Amino acid sequence: MDLFEYNLQLQKENNSPLANRVRPKNLEKYFGQSHIVGEGKLLNRLIKADKIPSMIFYGPPGTGKTTLAEIISNQTNSLFETISAVSSGVKEIREVVNAAKNNLSMYNKKTVLFIDEIHRFNKSQQDALLAHVENGTITLIGATTENPFFEVNKALLSRCQIIELKPLSDDDVKLIILNALKDDVKLKHMNIKIDDDALDYLVTSSNGDARSALNALEIAIESTDEINGIISIDKEIMQNSMFKPVLKYDRREDHYNVISAFIKSMRGSDVDASLYYLARMIESGEDPKFIARRMIIFASEDIGMANPDALAVAVNVFNAVNVIGLPEARINLSEGVIYLASSEKSNTSYIAIEKALQDIKDNKIYEVPNHLKDAHYSGAKSLDRGVGYKYPHNDDSYQQYLPDLIKDAKYYSPKDIGYESKIYKKLRGKK
């Protein structure tokens with residue numbers, strides 16, 4: 001490397017973003033993901049043993065997927081190639097594969113191919129990798145923010161280990177920030193003072209995304225003038241240095257995960273959790289009528305006869321949402337959620353119809369008892385249709401309604417709770 005190349009490399013390092021400058025080169029400086037890279041954990045062992053299988057790193061932005069790939073690059077004896085699914089295609093894959101074949105046959109060197117945002121590859125592009133992963137020409141490491149079980153071909157998925165990365169904890173983000181202030185090639189030469197409130201705000205507002213935290217830190221420092229040789233960062237400066245985070249809400253995964261958590265929180269009578277997931281859906285642009293429809297289902301499935309008024313409330317919420325729309329309809333949704341979540345619960349209506357349907361599916365389809373058959377036509381009496389029927393308004397004595405072969409079937413078992421306790425006591429009195 002000559003002087004000009006050295007100077008260019010130095011300028012690149014100094015002018016690259018903080019998040020890139022402080023990217024760790026080994027596991028000792030890698031913070032977070034202790035469940036996979038902690039001492040004795042699987043990925044830690046694989047890296048140390050240089051036994052890297054094909055893998056897909058799956059997790060939110062800023063959690064260390066690319067960093068892990070670079071650490072593997074630094075600590076493996078294999079050749080390491082990187083392409084991005086955003087700007088690369090089958091042509092680039094073929095070039096890497098051809099080079100990998102040559103290096104394997106001529107120098108006995110394996111090739112690890114890292115593909116960032118692998119979920120952006122279409123089916124044909126993913127298929128182009130399959131044979132070469134299968135025969136060991138390349139070891140694939142993919143990184144994706146999307147659930148690979150939705151976005152990656154099953155054939156390719158079956159040949160890779162899925163490594164899930166979690167959002168970083170506040171403690172992990174704080175360590176990354178403090179490490180950057182101490183070790184970064186530029187920041188370590190500055191006299192920077194960040195007060196505790198500013199640091200806490202930066203940590204909590206990053207939502208487990210180290211890149212977001214480091215970008216905000218860099219903006220705060222570079223946009224603040226020195227006073228008496230000190231760059232002082234307070235909470236207000238930090239607030240004005242952070243972009244409002246884009247709320248992640250994947251239509252194929254988060255859509256189902258959040259509505260599932262919403263329903264389960266209402267079922268568990270946790271009003272605050274129910275409102276939290278409601279707010280998350282509203283803020284993410286979820287269709288408010290979809291939310292209201294699920295509330296109607298919930299009112300019958302999970303509250304049912306414990307509070308029959310819940311169904312009317314849920315239907316009224318849907319009608320209000322349909323007429324008013326957002327943003328005002330958020331109040332209607334909130335009122336309905338509070339009512340449903342705090343209501344007494346009973347799933348007996350759901351269980352009852354499921355039991356009855358199962359009997360029908362099991363072909364328990366028997367003849368209607370004669371006394372219950374329609375008798376409103378000429379000649380019905382001659383066939384004993386309706387003969388022996390007791391009109392309940394005039395005769396409250398017991399009569400059999402179910403077919404003979406299932407006359408003792410019990411589908412509905414009321415609970416002694418809420419409004420349903422009245423039914424419970426009434427039916428017990430008949431025993």
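This structure is a prediction, so every number in the text was calculated from the model and none was measured.
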Chemist: Rounded to the nearest 0.5 Å, how far apart are CE of Met266 and OG of Ser342?
Modeler: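 Reported value, rounded in 0.5 Å steps: 11.0 Å.
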
Chemist: Does Glu236 offer a backbone N or O that forms a donor-acceptor pair with the side chain of Asn240 under 3.5 Å?
Modeler: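 Flag set: sc Asn240 to bb Glu236 pair under 3.5 Å.
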
Chemist: Is there side-chain contact between Tyr58 and Asn147, with heavy atoms separated by less than 4.5 Å?
Modeler: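 A side-chain contact exists here, since the closest heavy-atom pair is under 4.5 Å.
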
Chemist: As an exercise, state the distance from CD1 of Ile194 to CD1 of Ile177, rounded to the nearest 0.5 Å.
Modeler: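 Going from CD1 on Ile194 over to CD1 on Ile177, the span is 7.5 Å.
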
Chemist: Would you mind reporting whether Thr145 and Lys65 have side-chain heavy atoms less than 4.5 Å apart?
Modeler: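 Yes. Closest side-chain heavy atoms under 4.5 Å.
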
Chemist: When the aromatic ring centroids of His255 and Phe290 are compared, is their separation below 6.0 Å?
Modeler: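 Yes, ring centres under 6.0 Å apart.
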
Chemist: Counting C-beta onward and ignoring hydrogens, is there a side-chain heavy-atom pair between Leu113 and Thr139 closer than 4.5 Å?
Modeler: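 They are not in contact (no side-chain heavy atoms under 4.5 Å apart), so the answer is no.
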
Chemist: Between Phe31 and Asp172, what is the shortest heavy-atom contact and its length?
Modeler: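 Of all heavy-atom pairs spanning Phe31 and Asp172, the closest is CB-O, 4.2 Å.
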
Chemist: Is a donor from one side chain sitting under 3.5 angstrom from an acceptor on the other, for Asn307 and Tyr339?
Modeler: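 Indeed, the side chains of Asn307 and Tyr339 share at least one donor-acceptor pair under 3.5 Å.
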
Chemist: Are the side chains of Leu43 and Leu68 in contact, using a 4.5 Å heavy-atom criterion?
Modeler: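 Side-chain contact under 4.5 Å: yes.
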
Chemist: If we count only N and O atoms by modelled type, under 3.5 Å, do the side chains of Asp127 and Asn153 hold a donor and an acceptor together?
Modeler: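 Their side chains do contain a donor-acceptor pair, which is all the 3.5 Å distance test asks for.
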
Chemist: Might you point out which heavy atoms bring Val387 and His371 nearest each other, and give the distance in Å?
Modeler: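 Where Val387 meets His371 most closely, the heavy atoms are O-CB, 3.2 Å.
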
Chemist: Counting only N and O atoms by type, is there a donor-acceptor contact under 3.5 Å from the side chain of Arg294 to the main-chain atoms of Ile263?
Modeler: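 Such a contact is absent between Arg294 side chain and Ile263 backbone.
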
Chemist: Give a yes or no on whether Lys407 atom NZ has more than 12 heavy-atom contacts from other residues, nucleotides or ligands under 6.0 Å away.
Modeler: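 Result for NZ/Lys407: open.
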
Chemist: Mind checking what makes salt bridge (Lys or Arg N to Asp or Glu O under 4.0 Å) contact with Glu92, not counting sequence neighbours?
Modeler: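 For Glu92 there are no salt bridge (Lys or Arg N to Asp or Glu O under 4.0 Å) partners, ignoring immediate neighbours.
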
Chemist: Under 3.5 Å, side chain of Gln399 to main-chain N/O of Lys390, donor-acceptor pair present?
Modeler: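 Yes.
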
Chemist: Under 4.0 Å between a Lys/Arg side-chain N and an Asp/Glu carboxylate O for Glu354 and Lys361?
Modeler: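 Result for this pair is no, no salt bridge flagged.
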
Chemist: Decide whether Lys345 and Ser269 meet the rule of one side-chain donor and one side-chain acceptor closer than 3.5 Å.
Modeler: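 Yes, because at least one side-chain N or O of Lys345 sits under 3.5 Å from a partner of the opposite role on Ser269.
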
Chemist: If we ignore angles and hydrogens, is there a donor and acceptor under 3.5 Å between the side chains of Asn122 and Ser124?
Modeler: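 Checked: Asn122/Ser124 side chains pair up, N/O donor to acceptor below 3.5 Å.
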
Chemist: Can you sort out the partners of Asp302 under side-chain hydrogen bond (donor to acceptor under 3.5 Å, both in side chains), two or more places apart, ordered by chain and number?
Modeler: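 Here the qualifying residues are Arg267.
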
Chemist: Set out, in order, the CA-CA distance, both residues' side-chain angles and the distance that settles side-chain hydrogen bond (donor to acceptor under 3.5 Å, both in side chains) for Ser260 and Lys264, then state yes or no.
Modeler: CA-CA 6 Å; Ser260 175; Lys264 289 171 181 172; 3.2 Å; yes

Chemist: Under 3.5 Å, is there a donor-acceptor pair between the Ser84 and Asp116 side chains?
Modeler: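 No pair is found: no donor N or O on one side chain lies under 3.5 Å from an acceptor on the other.
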
Chemist: Please report the C-alpha distance between Arg330 and Glu328 in whole Å, then the side-chain angles of each, then the deciding distance to 0.1 Å, and finally whether the salt bridge (charged side-chain N to carboxylate O under 4.0 Å, His left out) criterion is met.
Modeler: CA-CA 5 Å; Arg330 73 192 187 283; Glu328 289 82 359; 5.8 Å; no

Chemist: Give the intermediate values and the outcome of salt bridge (charged side-chain N to carboxylate O under 4.0 Å, His left out) for residues Asp183 and Lys29.
Modeler: CA-CA 11 Å; Asp183 291 347; Lys29 286 288 188 178; 3.2 Å; yes

Chemist: Which atoms form the tightest heavy-atom contact between Tyr366 and Pro403, and what is the distance?
Modeler: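 Where Tyr366 meets Pro403 most closely, the heavy atoms are CB-CB, 3.6 Å.
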
Chemist: I'd like to know if Glu70 pairs up with Lys25 as an ion pair, taking the criterion as any Lys NZ or Arg NE/NH1/NH2 lying under 4.0 Å from an Asp or Glu carboxylate oxygen.
Modeler: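 Looking at Glu70 and Lys25, the cut-off is not met.
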
Chemist: Does the Ser206 side chain pair with the main chain of Val203, one donor and one acceptor, at a distance under 3.5 Å?
Modeler: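 Flag set: sc Ser206 to bb Val203 pair under 3.5 Å.
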
Chemist: How long is the straight-line distance from CD1 of Ile162 back to SG of Cys160, given to the nearest 0.5 Å?
Modeler: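 Cys160 atom SG to Ile162 atom CD1 measures 6.5 Å (nearest 0.5 Å).
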
Chemist: Can you find a side-chain donor-acceptor pair between Glu420 and Thr348 that sits under 3.5 Å?
Modeler: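 Their side chains do contain a donor-acceptor pair, which is all the 3.5 Å distance test asks for.
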
Chemist: Should Lys415 and Glu344 count as an ion pair when the cut-off is N to O under 4.0 Å?
Modeler: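 Answer for the salt bridge query: no.
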
Chemist: Quick one: CG on Asn215 to CE on Met242, what's the gap to the nearest 0.5 Å?
Modeler: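 The CG atom of Asn215 sits 9.0 Å away from the CE atom of Met242.
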
Chemist: Quick check against the 3.5 Å criterion: does Asp362 have a side-chain atom that pairs as donor or acceptor with the backbone of Lys364?
Modeler: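 A pair under 3.5 Å: no.
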
Chemist: Just wondering, are more than 12 heavy atoms of other shown residues or ligands nearer than 6.0 Å to CZ in Arg293?
Modeler: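 Yes - once you tally the heavy atoms of other residues, nucleotides and ligands closer than 6.0 Å, there are more than 12.
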
Chemist: Just by distance, with hydrogens left out, do Ser158 and Lys154 show a side-chain donor and acceptor under 3.5 Å apart?
Modeler: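 Judged by distance alone, the side chains do not pair up.
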
Chemist: Between the side chains of Tyr411 and Asp359, does any donor sit under 3.5 Å from an acceptor?
Modeler: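 Distance-only check passes for Tyr411 and Asp359.
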
Chemist: Is it the case that over 12 heavy atoms from other parts of the model lie below 6.0 angstrom from the CG atom of Asp196?
Modeler: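 At most 12 heavy atoms, drawn from other residues, nucleotides or ligands, come within 6.0 Å of this atom.
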
Chemist: Mind listing the closest non-hydrogen atom pair of Gln125 and Ile93 along with its distance?
Modeler: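 In this case the closest contact between Gln125 and Ile93 is O-CD1, 3.6 Å.
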
Chemist: Yes or no on salt bridge (charged side-chain N to carboxylate O under 4.0 Å, His left out) for Lys48 and Glu39, after CA distance, side-chain angles and deciding distance?
Modeler: CA-CA 11 Å; Lys48 287 181 178 178; Glu39 193 62 39; 2.9 Å; yes

Chemist: Any chance OH of Tyr350 has more than 12 other-residue heavy atoms, nucleotides or ligands included, within less than 6.0 Å?
Modeler: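 12 or below, so no.
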
Chemist: Between the side chain of Ser284 and the main-chain N/O of Met281, is any donor-acceptor distance below 3.5 Å?
Modeler: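 Answer holds: no.
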
Chemist: Within the side chain of Lys109, is there an N or O that forms a donor-acceptor pair under 3.5 Å with the backbone of Asn77?
Modeler: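 Yes; at least one donor-acceptor contact below 3.5 Å.
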
Chemist: By the definition side chain to side chain contact (heavy atoms under 4.5 Å, CB included), identify the one residue from Asn370, Val368, Asp374 that meets it with Arg385.
Modeler: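 So the option named by the test is Asn370.
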
Chemist: May I ask you to decide if Gly40's main-chain N or O and Arg45's side chain share a donor-acceptor pair within less than 3.5 Å?
Modeler: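 Checking the backbone N and O of Gly40 against the side chain of Arg45, a donor-acceptor pair under 3.5 Å is found.
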
Chemist: State whether the number of non-hydrogen atoms from other residues, nucleotides or ligands found under 6.0 Å of Glu301 atom CD is greater than 12.
Modeler: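 Counting other residues, nucleotides and ligands, CD of Glu301 exceeds 12 neighbours.
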
Chemist: Any donor and acceptor pair, going by atom type alone, linking the side chain of Asn322 with main-chain N or O of Phe318 inside 3.5 Å?
Modeler: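 No; judged by distance alone, with no hydrogens or angles, the pair does not exist.
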
Chemist: Could you tell me whether the side chain of Leu157 reaches within less than 4.5 Å of the side chain of Ile56, counting heavy atoms only?
Modeler: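 Answer yes - side chains close enough.
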
Chemist: Counting only heavy atoms from other residues, nucleotides and ligands, does the tally under 6.0 Å from OH of Tyr401 exceed 12?
Modeler: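 Correct, the count exceeds 12.
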
Chemist: Taking atom types as modelled and ignoring hydrogens, do the side chains of Lys41 and Asn44 form a donor-acceptor contact shorter than 3.5 angstrom?
Modeler: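 No pair is found: no donor N or O on one side chain lies under 3.5 Å from an acceptor on the other.
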
Chemist: Compare every heavy atom of Ser54 with every heavy atom of Val133, then report the nearest pair and how far apart it is.
Modeler: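 Scanning both residues, the minimum pair turns out to be CG1-OG, 3.5 Å.
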
Chemist: Whether the His119 and Thr144 side chains hold a donor-acceptor pair (N or O, under 3.5 Å, no angle test) is what I'd like checked.
Modeler: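 Yes.
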
Chemist: Can you check whether Glu286 reaches Arg280 side chain to side chain, under 4.5 Å on heavy atoms?
Modeler: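 Not touching, per the 4.5 Å side-chain cut-off.
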
Chemist: So, Thr67 and Arg23: side-chain donor and acceptor under 3.5 Å apart, yes or no?
Modeler: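 There is such a pair (donor and acceptor under 3.5 Å, judged by atom type) between the side chains of Thr67 and Arg23.
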
Chemist: Please report the interatomic distance CZ(Arg211) to CD1(Ile176), rounded to the nearest 0.5 Å.
Modeler: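 Output value for this atom pair is 11.0 Å.
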
Chemist: Taking Gly59's backbone N and O only, do any of them form a donor-acceptor pair with Thr63's side chain (distance below 3.5 Å, no angle check)?
Modeler: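 No, the answer is negative, given that no donor and acceptor are paired below the 3.5 Å cut-off.
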
Chemist: Identify the heavy atoms of Phe114 and Gly142 that sit nearest to each other, and give their distance.
Modeler: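 Smallest interatomic distance, heavy atoms only, reads CE1-C, 4.5 Å.
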
Chemist: If I take atom OG from residue Ser265 and atom OH from residue Tyr276, how far apart are they, to the nearest 0.5 angstrom?
Modeler: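 These two atoms lie 10.5 Å from each other.
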
Chemist: Is the number of heavy atoms from other residues, nucleotides or ligands under 6.0 Å of Gln400 CD greater than 12?
Modeler: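 Enclosed: over 12 neighbouring heavy atoms sit under 6.0 Å from CD of Gln400.
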
